[in-house]
Amino acid sequence: MSEPLIRALNIKKYFPVRMSFSGALRGEKQKWVRAVDDISIDIYPKEILGLAGESGSGKTTFGRTLIRLLEPTEGSAIYRGVDIYKIKGSEIKSFRRKLQIIFQDPYDSINPRLTVRDVIAEGLIINKLVSKDKIDEEVAKALEDVKLTPPEEFINRYPHELSGGQRQRVAIARALVLRPDFIVADEPVSMLDVSIRAEVLNVMLDLKEKYGITFLFITHDLALAKHMSDRIAVMYLGKIVELASSEKLIENPLHPYTQALIAAIPVPDPSAPKVEVKIKGEIPSPVNPPPGCRFHPRCPYAFDRCKVEEPKLKEVEPGHYVACHLYDKS
Ligand SMILES: Nc1ncnc2c1ncn2[C@@H]1O[C@H](COP(=O)(O)OP(=O)(O)OP(=O)(O)O)[C@@H](O)[C@H]1O
Ligand SMILES: [Mg+2]
C-alpha cells in the first residue's frame with residue numbers, strides 16, 4: 001500500500017467533567033470524559049474511511065481532534081510527515097486549509113446572512129487563493145462540482161432559500177474551493193430527508209474520484225458506511241474495536257460488538273438468515289469505562305480475561321484488525 005496521508009498515533013481526547021462547587025470544596029478529584037482513548041490508525045490517500053459506532057462512542061470527537069479543531073490531550077497526527085499538533089503560528093493556516101470538515105447540520109454551519117457566493121468565497125479571500133476578479137469563476141466552478149447548476153441560479157441566494165440538501169452541498173463547495181486533501185464528513189446526511197441523501201452522498205463520491213480527496217466518513221449507520229467507504233473502523237467507548245475493508249467488515253465481522261451492530265441493520269428480506277447477537281444494556285459512561293475490555297459487561301462471549309485485560313487492536317488476517325481476546329491466542 002502507499003504511504004498514509006494521515007497517521008493518527010495514540011490520540012487521546014479527554015474532557016474535564018464539571019465539578020460541583022461543594023465537590024470542589026471537599027477536594028474531590030477531577031474526573032475526565034475519555035471521549036477518545038488511545039486511537040492509532042493510518043488513513044491512506046484517496047480512500048474513504050468509514051467511522052461507525054453508537055451515539056457517544058467518540059466519533060465526532062475523534063474527527064475533530066484529528067484535524068485539530070479540538071486540541072488533543074495526547075498523541076500525534078502526522079500529515080505529510082508533519083505532526084500537526086506541534087505546528088505553531090502562521091503555519092497553522094496553511095495546513096488547516098488542507099484539512100476540512102463538513103458538519104452534520106447545514107443549518108447551523110452556514111451563516112444565514114451571507115449569500116451562497118459569500119459563504120463559498122470567504123475561505124478563498126482569507127487564504128488569498130485567487131485574485132478578486134477570479135472569485136466568481138471559482139465559486140461557479142465549485143457550485144458545478146456539487147451539482148448546484150446552473151450556478152447563476154444559486155450564487156445570489158441566501159441559505160434560507162435553499163433546501164437542506166442544497167445547503168449541505170454549499171457546505172461541501174465551501175470546503176472544496178480550499179482544495180483540501182482530507183475532509184472529515186461528520187454524519188453529513190443524517191439531518192437530511194431520506195429522499196435527498198443519495199444526491200449529497202454521490203457528490204462526495206464524485207469529488208473523491210475527480211480530485212482524489214480522502215475522507216473520514218462518520219456515521220452511526222453501518223449499511224451507509226459500507227455503501228460509502230473503502231474501509232470501516234468501528235468505535236466503542238473511545239476506542240477502535242475493529243478495522244477492515246468494508247466487505248470484510250460487513251460479511252465477516254469478528255468483534256461481538258460489530259456483529260451486534262450488523263445484526264441490527266434492517267434487511268430488505270426479513271426471511272434472510274442473520275446472525276443474532278444480542279448485546280445487553282446501554283453504552284456505559286466514558287467517565288468510568290469498565291476495566292479490561294470496555295465491552296465486556298455487554299458481551300455475550302465475555303470470559304475472565306476480558307474483565308481484567310484490555311485487548312489490543314491486532315491484525316488477525318491481512319488488513320483485518322480486531323481488539324478482542326477471542327482472537328488473541330497470546
Ligand atoms: N465538549 C465536551 N465536553 C464534555 N464531554 C464531551 C464534549 N464533547 C463530547 N463529549 C462526550 O464525549 C463522548 C463522545 O462524544 P462524541 O460526540 O464524540 O460521540 P459520537 O460518537 O460522535 O456520538 P453521536 O453519534 O451522538 O454524534 C460523549 O460521552 C460526550 O458526552
Ligand atoms: Mg457525533
K.L.:
Output all residues satisfying salt bridge (Lys or Arg N to Asp or Glu O under 4.0 Å) with D221, sequence neighbours left out; order by chain, then residue number.
P.N.:
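For D221, no residue satisfies salt bridge (Lys or Arg N to Asp or Glu O under 4.0 Å) once neighbours in sequence are set aside.
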K.L.:
Calculate, to the nearest 0.5 Å, the distance between atoms CD and CG belonging to E242 and L313 respectively.
P.N.:
9.0 Å
K.L.:
Tell me, do T73 and W32 make a side-chain contact under 4.5 Å, heavy atoms counted?
P.N.:
no
K.L.:
So, using side chain to side chain contact (heavy atoms under 4.5 Å, CB included) as the criterion, who are the partners of T61 when residues are at least two apart?
P.N.:
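In terms of side chain to side chain contact (heavy atoms under 4.5 Å, CB included), with neighbours along the sequence ignored, T61 is linked to K13, F15, A35, V36, T65, L70.
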K.L.:
Given the side-chain rings of Y236 and H255, with only the six-membered ring counted for Trp, is the space between their centroids under 6.0 Å?
P.N.:
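So the answer is no for these two rings.
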K.L.:
Is L5 linked to Y85 within one hydrophobic cluster, defined over Ile, Leu, Val, Met, Phe, Trp and Tyr using a side-chain heavy-atom separation of less than 4.5 Å?
P.N.:
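As far as the 4.5 Å side-chain criterion goes, Y85 and L5 are connected within one cluster.
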K.L.:
If hydrophobic clusters are built from ILVMFWY residues whose side chains come within less than 4.5 Å, do L192 and M228 share one?
P.N.:
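In one cluster: yes.
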K.L.:
K132: what forms a side chain to side chain donor-acceptor pair (under 3.5 Å) with it, not counting sequence neighbours?
P.N.:
none
K.L.:
Going by salt bridge (Lys or Arg N to Asp or Glu O under 4.0 Å), name the residues that satisfy it together with D186, two or more places apart in sequence or in a different chain.
P.N.:
none
K.L.:
So which pairs with a foot in residues 147-200 pass ring-ring contact (aromatic ring centres under 6.0 Å, His included), sequence neighbours left out?
P.N.:
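Qualifying pairs, neighbours excluded: none.
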K.L.:
Under a single-linkage definition using a 4.5 Å side-chain heavy-atom cutoff for Ile, Leu, Val, Met, Phe, Trp and Tyr, are I101 and F62 assigned to the same hydrophobic cluster?
P.N.:
yes
K.L.:
Could you check V170 against V146 for side chain to side chain contact (heavy atoms under 4.5 Å, CB included), going step by step and ending with a plain yes or no?
P.N.:
CA-CA 8 Å; V170 169; V146 298; over 6 Å; no
K.L.:
Measure the spacing between CG of D83 and CG of L9 and express it to the nearest 0.5 Å.
P.N.:
8.0 Å
K.L.:
Could you measure the distance from the CD1 atom of I213 to the CG atom of L205? Nearest 0.5 Å is fine.
P.N.:
11.5 Å
K.L.:
Among the clusters formed by ILVMFWY side chains lying less than 4.5 Å apart, do V200 and M191 turn up in the same one?
P.N.:
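V200 and M191: separate clusters.
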K.L.:
Are a donor atom and an acceptor atom from the side chains of Y44 and D230 found within less than 3.5 Å of each other?
P.N.:
no
K.L.:
Looking only at heavy atoms, what is the nearest atom pair of A185 and M204, with distance?
P.N.:
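Closest approach of A185 to M204, heavy atoms only: CB-CE, 3.7 Å.
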K.L.:
Testing the basics here: between P256 and Y301, what is the closest heavy-atom pair and its distance to 0.1 Å?
P.N.:
CG-CD1, 3.7 Å
K.L.:
Between R7 and D42, is there a salt bridge with N-O shorter than 4.0 Å?
P.N.:
yes
K.L.:
Does the pair E47/R231 count as a salt bridge with the N-to-O cut at 4.0 Å?
P.N.:
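Here E47 pairs with R231 in a salt bridge, since their nearest N and O are under 4.0 Å apart.
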K.L.:
I need the single residue from L261, L254, I232 that forms a side-chain contact (heavy atoms from CB on, under 4.5 Å) with L249. Which is it?
P.N.:
I232
K.L.:
Evaluate salt bridge (charged side-chain N to carboxylate O under 4.0 Å, His left out) for R298 paired with E54, printing each intermediate quantity in order.
P.N.:
CA-CA 14 Å; R298 300 174 77 191; E54 274 168 294; 3.2 Å; yes
K.L.:
If a pair satisfies side chain to side chain donor-acceptor pair (under 3.5 Å) and one of its residues is in residues 91-104, list it, with sequence neighbours excluded.
P.N.:
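Checked against side chain to side chain donor-acceptor pair (under 3.5 Å) - neighbours excluded - the pairs reaching residues 91-104 are Q104-S190.
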K.L.:
Output, in order, the C-alpha distance, side-chain angles, deciding distance and verdict of salt bridge (charged side-chain N to carboxylate O under 4.0 Å, His left out) for E138 and K134.
P.N.:
CA-CA 6 Å; E138 201 66 13; K134 289 272 159 46; over 6 Å; no
K.L.:
Ion pair present between R68 and E71, side-chain N to carboxylate O less than 4.0 angstrom?
P.N.:
yes
K.L.:
Please round to the nearest 0.5 Å and tell me the distance separating atom CD1 of I172 and atom CZ of R174.
P.N.:
10.5 Å
K.L.:
Do you know the tightest heavy-atom contact between A173 and I120?
P.N.:
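The answer is CB-CD1, 3.7 Å.
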K.L.:
Check for me, please, whether V287 and Y14 land in the same ILVMFWY cluster - side-chain distances under 4.5 Å, paths through other members count.
P.N.:
no
K.L.:
Could you walk me through whether I110 and L162 pass the side chain to side chain contact (heavy atoms under 4.5 Å, CB included) test, one step at a time?
P.N.:
CA-CA 12 Å; I110 291 179; L162 301 170; over 6 Å; no
